[in-house]
Protein chains: 2
Amino acid sequence: MSSEQPAKKRISESTIHRLSMYYRTLSLLQKEGYETVSSKELANREKLTPAQVRKDLSFFGSFGTRGLGYDVNELKAKIGEILGIDRQWKLAIIGIGNIGSALVNYKEFSRQGFSIVKLFDNDQRKIGSNHKGIIVSDIKNLDKEIAEDGIEMVIITVPATVAQYMVDDVVRAGVKAILNFAPINLKVPPNVYLRNENMSMELEYLSFAIVNNHTPKNSK
Amino acid sequence: MSSEQPAKKRISESTIHRLSMYYRTLSLLQKEGYETVSSKELANREKLTPAQVRKDLSFFGSFGTRGLGYDVNELKAKIGEILGIDRQWKLAIIGIGNIGSALVNYKEFSRQGFSIVKLFDNDQRKIGSNHKGIIVSDIKNLDKEIAEDGIEMVIITVPATVAQYMVDDVVRAGVKAILNFAPINLKVPPNVYLRNENMSMELEYLSFAIVNNHTPKNSK
DNA sequence: ATTTTCATGTGAAATGGTTCACAAGAAATT
DNA sequence: AATTTCTTGTGAACCATTTCACATGAAAAT
């Protein structure tokens, strides 16, 4: 008995990012009291084309009404579902330095359903300290505590020199996705998702743009 | 007398990001004692194809030696020049909250030649306080102080509700590029470069990936 | 009820980005 | 000096993404 895969078309990274943008804009439209919105209006707010908006959505179904547009609440719920943010995700932060401790208090995460439930460090001076109500745990207990809390994602904010070790630990503990802030190319097995957040890279892009008078088609 | 533009080909955002990656890897290769490197080796380290590496570089000139590869020091210098990071950039941070104050101490910025020289806030309790040797200035003095120091880029880490006002001020003060952390679509005139850093979006991507068992071609 | 207006959903076309494949040229080897 | 080995640089081919353009269908207006 062969279990058929549902012939999933490959969705581009850009489409998924735009879904995030639509989601955020739909939240705003809700607050502004809109009941429906057209692909045109949605596109205007993101500096995209209406066709782009419609095409993005069409990969996942047809959610609009011809002649009318999309129901704001409904579309938001639908995109939330697609993105998998129609629930709470529990996260841990590994490395409670500058960036790590800033992210503990980052409102935008909780607002989107990402809740930081555990903090880890290897520095004895930090272990036991309290950040926004969370006690920093010893990295040695990672395995046990990740399993206990059912944590599926972690944020890595340790120095580049130790990042790979932390990732190995975290992978062993069964984590499914990692957001990495260390400026290094990490290795993860194919069943673990990795994203790199590289803030210097963004500044370098700006530097390039100024120096070269760059006019990209569609910049972040 | 018409001033001819040098028919600059449009470089893609991805190419520029990859240049940043090459730059970082070349720094590492320097430390490891390599004198030359092939496109193949460079590609392996970034999980790219050798053709991609060569094509990226070819947009800017030909820097290698056939049969031998690229001189590590030379190529690094060349890419540094292209990216415009062969010099110091002076930056200010607007909004000294969680994220803002974390970035003041962010080593990776200074390492790449981005030096934070001014901090601004509108909160009287923060103004005058010392972060890593820098005194937080009143946002009211933005214009004067930006001009004084010749600051060309700023990082915006204020709440979304006030971000547009800050951007307007900063643009008026003559800033050329903005790295924005507020989760909102900002408006800037066409001669000002804007990049948005949206960390929730990265988590949402991971959420999508887990839920949909996503296998993108080439993920960040 | 009929017509007009509007905006979706989607194949097809156009554009943009990546990979292939190979000629060219430099260094190493015979 | 000639040959072999290696790796670059780049048009051409390929693949992915975006935009176009229009048939379709729902709502509003007559």
J.: Toward the 5' end of DNA chain D, which comes first, K55(B) or P50(B), by nearest nucleotide?
T.: P50(B)
J.: Between G67(A) and G67(B), who's closer to the 5' end of DNA chain D by nearest nucleotide?
T.: G67(B)
J.: So, is S39(B) close to the dT8(D) phosphate, meaning a side-chain N or O under 4.0 Å from OP1 or OP2?
T.: yes
J.: Main chain of F208(B), side chain of H214(B): is a donor-acceptor contact present, judged purely on distance under 3.5 Å?
T.: no
J.: Please list, chain by chain and in numerical order, all residues satisfying side-chain hydrogen bond (donor to acceptor under 3.5 Å, both in side chains) with Y22(A), sequence neighbours excluded.
T.: D56(A)
J.: If you count heavy atoms of other groups shown closer than 6.0 angstrom to NZ of K40(B), is the number above 12?
T.: no
J.: In this structure, how many angstroms lie between the C1' atom of dT17(D) and the CD atom of E13(A), rounded?
T.: 13 Å
J.: Do you know which two heavy atoms are closest between G95(B) and V158(B), and how far apart they sit?
T.: CA-CG1, 3.6 Å
J.: For the pair made of CZ in R54(B) and C1' in dC20(C), what is the distance, rounded to whole Å?
T.: 10 Å
J.: Considering every strand and a 4.0 Å limit on heavy-atom distances, what is the contact class for T15(B): base, sugar-phosphate, or nothing?
T.: nothing
J.: Please determine, for the side chain of Y70(B), which listed nucleotide (dA23(D), dG9(D), dT17(D)) has the closest atom?
T.: dG9(D)
J.: Taking OP1 and OP2 of dT19(C), is either one under 4.0 Å from a side-chain nitrogen or oxygen of T49(B)?
T.: yes
J.: Without decimals, in angstroms, what is the distance between F60(A) CZ and dT10(C) C1'?
T.: 16 Å
J.: Starting the side chain at C-beta, find the nucleotide from dA27(C), dT18(C), dG16(C) nearest to R10(B).
T.: dG16(C)
J.: Can you check the R18(A) CZ to dT18(D) C1' distance for me, whole Å?
T.: 8 Å
J.: What does K40(B) touch in the nucleic acid at a heavy-atom separation under 4.0 angstrom: a base, only the sugar-phosphate, or nothing?
T.: nothing
J.: Out of dT10(D), dT10(C), dT18(D), which nucleotide sits closest to the side chain of Q52(A)?
T.: dT18(D)
J.: What nucleotide among dT18(D), dG9(D), dT19(D) has an atom nearest to a side-chain atom of A51(A)?
T.: dT19(D)
J.: Hey, is the side chain of R66(A) pairing donor to acceptor with the base of dT8(C) inside 3.5 Å?
T.: yes
J.: Can you list the steps and then say if E41(A) with R45(A) is a salt bridge (Lys or Arg N to Asp or Glu O under 4.0 Å)?
T.: CA-CA 6 Å; E41(A) 170 68 9; R45(A) 299 212 175 202; 2.9 Å; yes
